[in-house]
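In what follows, every chain begins at residue 1, and chains take the letters A, B, ... in the order their sequences are listed.
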There are 2 protein chains.
Amino acid sequence: MIPVSDLIERLRERGARSVALQFPAGLARQAPGTAAALRREGFDVIVSGDPCYGGCDLALDALAYADILVHFGHAPVEERPDVIYEPVRFDFDPGVLERVLPALHSRRIGLVTTVQHVHLVDAMAAFLRDHGIEAVIAPGDSRTPIPGQVLGCNFAAARATGADEILFVGTGVFHPIGIQLATRSRVVALDPFTGEVQEVDADRLVRRRAAVMEKARDAASFGIIVSTKSGQRRMDLARRLVSLSERAVLVAMREVSPAEMLDLGFGAYVNTACPRLAYDDQIRFPVAVLTPPEFEILCGARTWDDYTIDEYLAP
Amino acid sequence: MIPVSDLIERLRERGARSVALQFPAGLARQAPGTAAALRREGFDVIVSGDPCYGGCDLALDALAYADILVHFGHAPVEERPDVIYEPVRFDFDPGVLERVLPALHSRRIGLVTTVQHVHLVDAMAAFLRDHGIEAVIAPGDSRTPIPGQVLGCNFAAARATGADEILFVGTGVFHPIGIQLATRSRVVALDPFTGEVQEVDADRLVRRRAAVMEKARDAASFGIIVSTKSGQRRMDLARRLVSLSERAVLVAMREVSPAEMLDLGFGAYVNTACPRLAYDDQIRFPVAVLTPPEFEILCGARTWDDYTIDEYLAP
């Protein structure tokens, strides 16, 4: 159960009478209880029932009916006066970094993590210092407001460390592979819950993406997907990509969905919405879905040596 | 292939330079070709890639990037200066009404159909007149702008005939069952493509809905779904339903989706979005989804004798 007493105080301070609540899937079960608790305190409550995967996807539709939107689970990718962000913290013992010490080559490394763990970044740096390693923690850009924080679409805080070796603490391999492609540094990943350590290698991902690009090369038409979500609207990029090919047409989408891709029947798509979609979800998609840099390569506007991960950096 | 020469002329008359295109699933395959044809004529084109099931679901997100939205496949449920509706007609030989003559009891019947066939309504009435039957064709309300036209959510044109017997020409049994519940008249349905004739009976639907209501009765919480689609936002109704129960909370949804229902974990839902969802899609939903009149009955605000079909009538 999410504690609401502190939240209620902040809502009252702002004079809010009606509140919209938004939860990512993993926290959505908290919706009925949180809504009921706020209703008992006299607030008009509306819960957003649309899918939500990040702070880039604010429930502005629900906010249209409320004074304030409370967005749970993510840090801000944009500050707005009518949105309260309630990131959810997941703790672990910084001592787990013991596991990663043998895998580190340098005495000076960049340290990055995701929003759930970024409150521990100083404790992790202290642990490393006690073991003779200097951890560089750098601010990213305005989409990652907390120093040391990376997103699946934004590795600015890793790049800004300027380190040749970067330690990523968190789950999954997507972030560390992205960091490697974005920085060309050596990247070591530590899962703080399992203690698993690995040096990531982007080669497999790049080979897989090359195969997707080959599938797309002869498509009769390209749908250039542009998102209509609050923090995923890269319209300037999408328009620039359309200008690269006679075969390209803008396609506006809220949810980038296999069913609609199939219905519309474009031969291939280019995704300017959440950058992770093309990498993570190709398996779900009925046709090739390229990233913007990949489409640039296909159109001859970028060289293969310049292959890079798609990032959504602050303008 | 949708012919675009007439459309291009109308777009030029209006001085449009950029165009958003929206297709329902059945026509979506026309998107790449139609977009390419308009692009060749010098228009900036953006295709809406969101699901679309009716004129109640305008792609306003895509229209935000264009001068005009062209909405294919449906008649207007609301007129807007920046939307061109391009309904698609499906022809048949009015002589098929021969099949329905033995099933009609009266010499004076109401005649209704769906938007695809409503251009044939006068020819059908002429055929019936030639066979001694007066067909009453009545205007509905502003959501069904063509006399004789019904929607799955609006049977005003059937009710307005004032007839004790109504002939519905079209496919499926949902519309005629809705007409029966809405008018309490005898309703005969003719499928103009197969020639199949049936007198519909709403009893089975009502028994099925009674079982769904029983399932919902003891739910710990009710999510009152309110749509954020252009022509499905029944917020006043949703707020009134919330006021009927301490256990009710507003839930804003774009697509009414089983996955999000399950994630949010309300014990049952009440649907104020597209009225057909509760009837047609209960089988897809993880918990009971009631119509507004059904929730009113559950809360004691309506009697069971007043059971009626959920309609979305013009305000």
Side-chain angles (χ1 to χ4, degrees), chain A residues 20-21 23-33 35-36 38-40 44-52 59-66 220-228 235 238-239 242 246-257 259-267 269, chain B residues 20-21 23-33 35-36 38-40 44-52 59-66 220-228 235 238-239 242 246-257 259-267 269:
Chain A
L21 304 178
F23 304 83
L27 298 172
R29 283 267 152 181
Q30 306 289 338
L38 290 172
R39 190 178 171 183
R40 277 193 299 273
D44 283 339
V45 181
I46 185 164
V47 171
S48 170
D50 292 327
C52 171
L60 302 183
D61 287 346
L63 176 56
Y65 295 109
S221 58
F222 289 91
I224 311 293
I225 297 170
V226 61
S227 175
T228 56
M235 184 51 102
R239 286 199 204 278
V242 167
E246 293 286 324
R247 291 179 280 165
V249 173
L250 282 181
V251 177
M253 278 188 168
R254 172 69 68 114
E255 301 302 330
V256 177
S257 136
E260 273 67 48
M261 282 184 189
L262 202 58
D263 284 346
L264 289 171
F266 285 89
Y269 293 86
Chain B
L21 304 178
F23 304 84
L27 297 173
R29 283 266 152 182
Q30 306 289 337
L38 291 173
R39 191 179 170 183
R40 277 193 299 273
D44 283 340
V45 181
I46 185 164
V47 171
S48 170
D50 291 329
C52 170
L60 302 184
D61 287 345
L63 177 55
Y65 295 108
S221 58
F222 289 91
I224 311 293
I225 296 170
V226 63
S227 175
T228 56
M235 184 52 103
R239 287 197 204 281
V242 166
E246 293 285 323
R247 292 178 278 164
V249 173
L250 281 182
V251 177
M253 278 188 170
R254 172 70 68 113
E255 302 302 330
V256 177
S257 137
E260 273 67 49
M261 284 185 186
L262 203 58
D263 283 346
L264 289 170
F266 285 89
Y269 293 85

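In this structure, the portion of B:E255 lying under 4.5 Å from any heavy atom of chain A is its backbone and not its side chain. At a 4.5 Å heavy-atom cutoff, the contact between A:R39 and chain B is made by side-chain atoms alone. B:R254 touches chain A through backbone and side chain together, each having a heavy atom under 4.5 Å away. Neither the backbone nor the side chain of B:M261 comes within contact range of chain A; no heavy atoms are under 4.5 Å apart. With a threshold of 4.5 angstrom between heavy atoms, B:R40 does not approach chain A through any atom at all.
How far OH of A:Y65 is from CE of B:M235: 4.5 Å, rounded to the nearest 0.5 Å. To the nearest 0.5 Å, atoms CD (A:E260) and CG (A:L262) are separated by 9.5 Å.
Put simply, of B:G33, B:G267, B:A248, the one with the most heavy-atom pairs under 4.5 Å next to chain A is B:A248. Counting heavy-atom pairs closer than 4.5 Å to chain B, the top residue among A:G265, A:A252, A:A31, A:G26 is A:A252. Note on B:L27, B:V45, B:I225: by heavy-atom pairs under 4.5 Å with chain A, the leading option is B:V45. Interface remark: of the candidates A:V256, A:D44, A:D61, A:D61 forms the most heavy-atom pairs closer than 4.5 Å to chain B. Between chain A and the residues B:P51, B:A62, B:S221, the most heavy-atom pairs under 4.5 angstrom are made by B:P51.
When all heavy atoms of B:F266 and B:F222 are compared, the closest pair comes out as CD2-C, 3.7 Å. Taking each heavy atom of A:A66 and A:A20 in turn, the nearest pair found is CB-N, 3.4 Å.
Among the candidates B:V47, B:I46, B:L21, the single residue satisfying the side chain to side chain contact (heavy atoms under 4.5 Å, CB included) test with A:V249 is B:V47. Of the candidates B:L264, B:V226, B:I224, B:V251 forms a side chain to side chain contact (heavy atoms under 4.5 Å, CB included) with just one, namely B:L264.
Taking 4.5 Å as the limit, every side-chain heavy atom of A:R29 sits out of range of all side-chain heavy atoms of B:D263.
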